[in-house]
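So the structure is just underneath, and the comments pick up after that.
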Amino acid sequence: MKNEGIDGTERFDSPDKGRGLRAVRQFAVGELVFACPAYSFVLTVNERGAHCEHCFTRREDLFKCGKCKQAYYCNVDCQRGDWPMHKLECVAMCAYGENWCPSETVRLVARIIMKQKVTTERTPSERLLLLREFESHLDKMDSEKEEMNQADIAALHHFYSRHISGLPNEQALTELFAQVNCNGFTIEDEELSHLGSAVFPDVALMNHSCSPNVIVTYKGTVAEVRAVNEINPGEEIFNSYIDLLYPTEDRKERLLDSYFFTCQCTECTTKSKDKAKMEIRKIGSPPDEEEISSMVRYAKNVIEEFRRLLEMCELSQEKMGAIFADTNVYMLHMMYQAMGVCLYMQDWDGAMSYGEKIVHPYSVHYPAYSLNVASMYLKLGRLYLGLEKKTQGVKALKKALAIMEVAHGKDHHYVAEVKREIEEEK
């Protein structure tokens, strides 16, 4: 199928990767390659009251649904626009009250099913790839993923069977949940905080690379794909599916576990950044490979097991710091968790201290125009300003802005907000 709807790109058969997306003209750094409205989306429960359920706008004067009193909107237009999807949850929430608690994935799948019932033509989010063409990888799922899939299906039946007539059969639901898990997206704000989940079929067409030439950002419920490297005609357009901070073997494990393929991109082949990412503290007798591997295993386990306890984070940093340098990605991850706990506890000085240690290694390890780097500069800049360190705050915000103008586009409201913050400090 050749592209008929996204200027400058086309769908094609990518060698060893299956279908993919490539450029048919040149794209400059920062140029919008294409935008894709969500086929279906759902605002995360934690952001209700702070963001509009329909357009995801962040504002303080939202008004709530008069029936369920849990969904909030900018105005009547947004409420009407969301009603075809919200009415499904509205009735269910009223029926279950405090016991209404489906997962975000279950909520998203329920909305997809509702949309499929009333949609007969290709949608604006499916110009190149139909949702039903999504890969499910059912044959590659292990028993744990199969159990999770079945639990989601059971929850869908429990919370929605009385409100959706004619649910798909078990096999169809099993495939749909697997498709959403492999192809769904997390919508994030400018600080990479989780706002909701969505499916963007045309965005899902792009293959992965650990050296991506585009980045995906969000304007409300629209995904925007922008070039972060110059892209020439005939070149494949690559997105990254995962956090690129980690070394090659770690990235490969994550991709295999979540997306069922082994990455063979240039970065994975050359491992050019692994040495810096896995820097070892310079001590008299350097540790052997087994000690390093053992510490990596420890770091992975401890990061998963406790993310919120600052005291435990600090103890772990002390232990890992005996071998790992502060620029080691596992040290950085632990410091990031500690920073998050400091922010939660309103320990602004502690959060600032961690941010200062993190931001430079991030800019080395991550690709240019990384949202992770921009997010850290934003957090740090706002911390500086809150602690009356005006010069440092403005400097950090400007660094965030330089990345965001490329990644989000100069006309994005997040960019306007940061510019306004900088202007207010003059």
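Each ring-ring contact (aromatic ring centres under 6.0 Å, His included) pair with one or both residues in residues 101-132, not counting sequence neighbours, would appear here, but there are none. Applying the salt bridge (charged side-chain N to carboxylate O under 4.0 Å, His left out) test to pairs two or more places apart or on separate chains, those with a residue in residues 32-50 are R48-E53, R48-E89. Within the structure, salt bridge (charged side-chain N to carboxylate O under 4.0 Å, His left out) contacts touching residues 183-192 (residues at least two apart or in different chains) are R58-D189, R58-E190, E190-R382, E191-R382. Each salt bridge (charged side-chain N to carboxylate O under 4.0 Å, His left out) pair with one or both residues in residues 145-161, not counting sequence neighbours, appears once here: K145-D257. Screening residues 118-145 for ring-ring contact (aromatic ring centres under 6.0 Å, His included) gives H137-F260 as the qualifying pairs, with residues at least two apart or on separate chains.
With sequence neighbours excluded, the residues that form a side-chain hydrogen bond (donor to acceptor under 3.5 Å, both in side chains) with R59 are D61. Residues satisfying the side-chain hydrogen bond (donor to acceptor under 3.5 Å, both in side chains) criterion with N169, sequence neighbours excluded, are absent altogether. Applying the side-chain hydrogen bond (donor to acceptor under 3.5 Å, both in side chains) criterion to H86, with sequence neighbours excluded, gives no partner residue. Scanning for side-chain hydrogen bond (donor to acceptor under 3.5 Å, both in side chains) contacts around N181 gives an empty result, with sequence neighbours left out. Taking the side-chain contact (heavy atoms from CB on, under 4.5 Å) definition, one finds that V364 meets it with H360, sequence neighbours left out.
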Could you go through residues 216-224 and list every donor-acceptor pair under 3.5 Å that involves a side-chain atom there, pairing it with any protein atom two or more places apart or in another chain?
unit_1 : atom_1 : unit_2 : atom_2 : d
T217   : OG1    : A407   : O      : 3.1
Y218   : OH     : T186   : O      : 3.4
E224   : OE1    : R226   : NH1    : 2.8

Let me have the donor-acceptor pairs involving side chains of residues 70-80, under 3.5 Å, with sequence neighbours excluded, atom names and distances please.
unit_1 : atom_1 : unit_2 : atom_2 : d
Y73    : OH     : D82    : OD2    : 2.7
N75    : OD1    : D77    : N      : 3.1
N75    : OD1    : C78    : N      : 2.9

